[in-house]
Amino acid sequence: MGHPERTVVAGAGLAGFRTVQELRARGYGGRITLVGAEDRPPYDRPPLSKKVLTEGADPSLHADFTALDTDFRPGETALGLDLSPSGPALVTDRGRHPFDRLVVATGATPVALPGPGRQRFLRTYDDALALRALLRPGLRLAIIGAGWIGAELATAAAAAGCQVTVVEAGPAPLASALGAETGAWTAPWYEQAGVELRTGAAVESVEHGGLALAGGGWLPADEVVTAVGVRPAVTWLAGSGIALAGSAGPAGPEGAPAGGVAVDARLRASMPGVYAAGDCAAFESLRFGGLLRVEHWDVALHAPEVVAANITGGDEVYDPVPYFWSEQFGRMVQYAGHHGAADRLVWRGDPAAAAWAACWVAGTHPSPQRLVAMLTVNRPRDLLQGRRVIAAGTPVDLAGLADPATPLKDAAARLSA
Ligand SMILES: Cc1cc2nc3c(=O)[nH]c(=O)nc-3n(C[C@H](O)[C@H](O)[C@H](O)COP(=O)(O)OP(=O)(O)OC[C@H]3O[C@@H](n4cnc5c(N)ncnc54)[C@H](O)[C@@H]3O)c2cc1C
């Protein structure tokens, strides 16, 4: 090589920052450059729709790039790769960064809807600060999409006294993530919080002063926030030769559409020396089969450990039980695992009550039935134990699973003992 090894990380969100941290923690002695399109040091996104909105909390990750001996370049956008014979380089709007290793961690960007009216989003710290400044009693706020972000924003806006309407094209909140049957049990939460929820209402366009609904309806609004999902921020890699996952596929059970940089279980892309992690990566899941692109904080936190281990000579596989949490309408909602339409839904407790869980089980009697995913509402202990049961892949006793008084670990132990 004739020079110290150079690792370039594109994207300075949690996954990019964690990659830098983990490389140095593992004693990586090469040069590191971190390129981030936003004009800010790395920060955490989960607080944006929670305490940043409600309390003005600081989401900073407190990165110390001097201590990390890293050339951090805020406000610089990756545009593509230069694969000239002299060696590959990341091309940005400010120059070229030759690399021996490239880590793609450019995350995801919100989907916009058609129409000339102003639509806001909730993805960046700036978005959250702008929204916080807007929320006031009587503001007519239309939120498009009753997914995780829509629900959390509705929670904060209702608490600030706004007149909130959530417009959802699907049959229930969270239907694309959880299925309509489970998602429907969260619909009463909106009413209890004084939020109007309109399901089965597709927005045709965002207009000045409101929303044009399919079928001719009109919803007046002072402000509109579009929260209908995100797409992996990988268009800058088009034509680079790095394989992307098919983008035309159906949404996965987490609601994440296909797409993203296709990586194997070691988080290696199709081009030697290139890795990807976080929201922009579709990784090969040995546990669940196929490519998974998971838009969860936990993935952006831990996948970089595997990237850094493999860059520093290790041979590690990333095979998580995906985990996500959401705080909405005063409830702690948690999801672990991965389920598909063929998996059987088992209720654990009454979903009309304050605390309950939904479990997804694969396999049919008499073959062993295994817990593959779980949603809990105000039952954090279930989630903790359920995540371990999913990871272990032990068969479960359905009667024990359905009984909220039976500890989840016992429902698994009962059969496997
Ligand atoms: C409002 C909100 C609330 C959330 N709440 C939760 C929660 O409660 N629980 C949970 O599990 N998950 C939550 N998430 C999801 C979680 O935050 C994400 O999964 C996580 O942030 C992904 O991290 P990332 O680093 O992969 O991507 P990102 O955080 O998107 O970071 C990618 C960075 O790359 C930059 N970038 C993009 N393109 C380029 C380019 N071409 N060149 C250079 N830089 C580029 C972007 O500007 C961005 O700063 C939430 C997300 C949001 C937006």
Report task. Go through Asp127 and Leu48 one step at a time and tell me if the side chain to side chain contact (heavy atoms under 4.5 Å, CB included) criterion holds. Result -> CA-CA 8 Å; Asp127 293 341; Leu48 301 183; over 6 Å; no

**Report entry** Presence of salt bridge, Arg26 and Glu305, under 4.0 angstrom
**Finding:** no

Query raised in the report: When you check the gap from the basic side-chain N to the acidic O, do Asp69 and Arg24 get nearer than 4.0 Å?
Result: yes

Partners meeting side chain to side chain contact (heavy atoms under 4.5 Å, CB included) with [X] (sequence neighbours left out):
X	answer
Thr376	Gln334, Ala357, Met374, Arg379, Asp382, Leu383
Pro41	Phe72
Ala276	Val104, Val261, Val263, Ala281
His62	Asp58, Ser60

[Y] and [X], any side-chain heavy atoms less than 4.5 Å apart:
X	Y	result
Pro114	Val206	no
Val8	Val103	no
Leu81	Ile242	yes
His302	Pro320	no
Thr182	Trp360	yes
Leu131	Leu53	yes
Pro88	Leu83	yes

Report task. Evaluate side chain to side chain contact (heavy atoms under 4.5 Å, CB included) for Glu22 paired with Val307, printing each intermediate quantity in order. Result -> CA-CA 9 Å; Glu22 286 296 319; Val307 170; over 6 Å; no

With [X], which residues qualify under ring pair (Phe, Tyr, Trp, His ring centres under 6.0 Å), at least two apart?
X	result
Trp356	Trp347
Phe288	His338
Tyr125	Tyr43

Query raised in the report: Would Glu327 and Thr155 count as having a side-chain donor-acceptor pair, cut-off 3.5 Å?
Result: no

**Report entry** Arg18 versus Gln21, side-chain donor and acceptor atoms under 3.5 Å
**Finding:** yes

Minimum heavy-atom separation for [X] and [Y], please, with both atom names.
X	Y	result
Val396	Leu401	CG2-CD2, 4.3 Å
Gly259	Pro232	C-CG, 3.8 Å
Ser205	Gly115	CB-CA, 4.0 Å
Pro46	Trp325	CB-CZ2, 3.6 Å
Ile390	Ala336	CD1-O, 3.7 Å

Report task. Report the C-alpha separation of Thr186 and Val333 in whole Å, then their side-chain angles, then the decisive distance to 0.1 Å, and conclude whether the side chain to side chain contact (heavy atoms under 4.5 Å, CB included) test is met. Result -> CA-CA 10 Å; Thr186 73; Val333 182; over 6 Å; no

Solution key, residues 134-145 side-chain donor-acceptor pairs under 3.5 Å, sequence neighbours excluded:
residue: Arg136; atom: NH1; partner: Leu134; partner atom: O; Å: 3.4
residue: Arg140; atom: NE; partner: Asp222; partner atom: OD1; Å: 3.2
residue: Arg140; atom: NE; partner: Asp222; partner atom: OD2; Å: 3.3
residue: Arg140; atom: NH2; partner: Asp222; partner atom: OD1; Å: 2.8

Query raised in the report: Which pairs pass side chain to side chain donor-acceptor pair (under 3.5 Å) with one or both residues in residues 108-123, sequence neighbours excluded?
Result: Arg118-Glu223, Gln119-Thr226, Arg120-Glu223, Arg123-Asp279

Extract all donor-acceptor atom pairs below 3.5 Å that involve side chains of residues 265-275 and protein atoms in other chains or at least two apart in sequence.
residue: Arg266; atom: NE; partner: Asp315; partner atom: OD1; Å: 2.4
residue: Arg268; atom: NE; partner: Asp264; partner atom: OD2; Å: 2.9
residue: Arg268; atom: NH2; partner: Asp264; partner atom: OD2; Å: 2.9
residue: Ser270; atom: OG; partner: Ala243; partner atom: N; Å: 2.8
residue: Tyr275; atom: OH; partner: Arg101; partner atom: NH1; Å: 3.0

[atom1]/[X]: more than 12 non-hydrogen atoms of other groups inside 6.0 Å:
X	atom1	result
Arg287	CZ	yes
Arg344	CZ	no
Arg40	CZ	yes

Could you tell me the separation between the [atom1] atom of [X] and the [atom2] atom of [Y], rounded to the nearest 0.5 Å?
X	Y	atom1	atom2	answer
Arg45	Ile149	CZ	CD1	10.0 Å
Leu384	Lys409	CG	NZ	10.5 Å
Phe99	Asp82	CZ	CG	9.0 Å
Arg348	Leu408	CZ	CG	4.0 Å
Thr124	Glu38	OG1	CD	5.5 Å
Leu23	Thr70	CG	OG1	8.5 Å

Is the side chain of [X] donor-acceptor paired with the backbone N or O of [Y] at a distance under 3.5 Å, no angle test?
X	Y	result
His339	Val372	no
Asp343	Gly340	yes
Asp350	Ala352	yes
Glu168	Ala146	yes
Arg31	Arg6	no
Thr406	Ala411	no

Report summary line: Given the options Tyr335, Trp297, Trp148, Phe324 meets ring pair (Phe, Tyr, Trp, His ring centres under 6.0 Å) only with Trp148

Requested in this report: Verify side chain to side chain contact (heavy atoms under 4.5 Å, CB included) between Leu68 and Phe17, making sure each step is shown before the conclusion.
Outcome: CA-CA 10 Å; Leu68 289 166; Phe17 173 56; 3.8 Å; yes

Show me, pair by pair, the donor-acceptor contacts under 3.5 angstrom made by side chains of residues 188-199, not counting sequence neighbours?
residue: Gln192; atom: OE1; partner: Arg331; partner atom: NH2; Å: 3.0
residue: Glu196; atom: OE2; partner: Arg198; partner atom: NE; Å: 3.0

Report summary line: Taken in chain and number order and not counting sequence neighbours, the residues that satisfy salt bridge (charged side-chain N to carboxylate O under 4.0 Å, His left out) with Arg94 are none

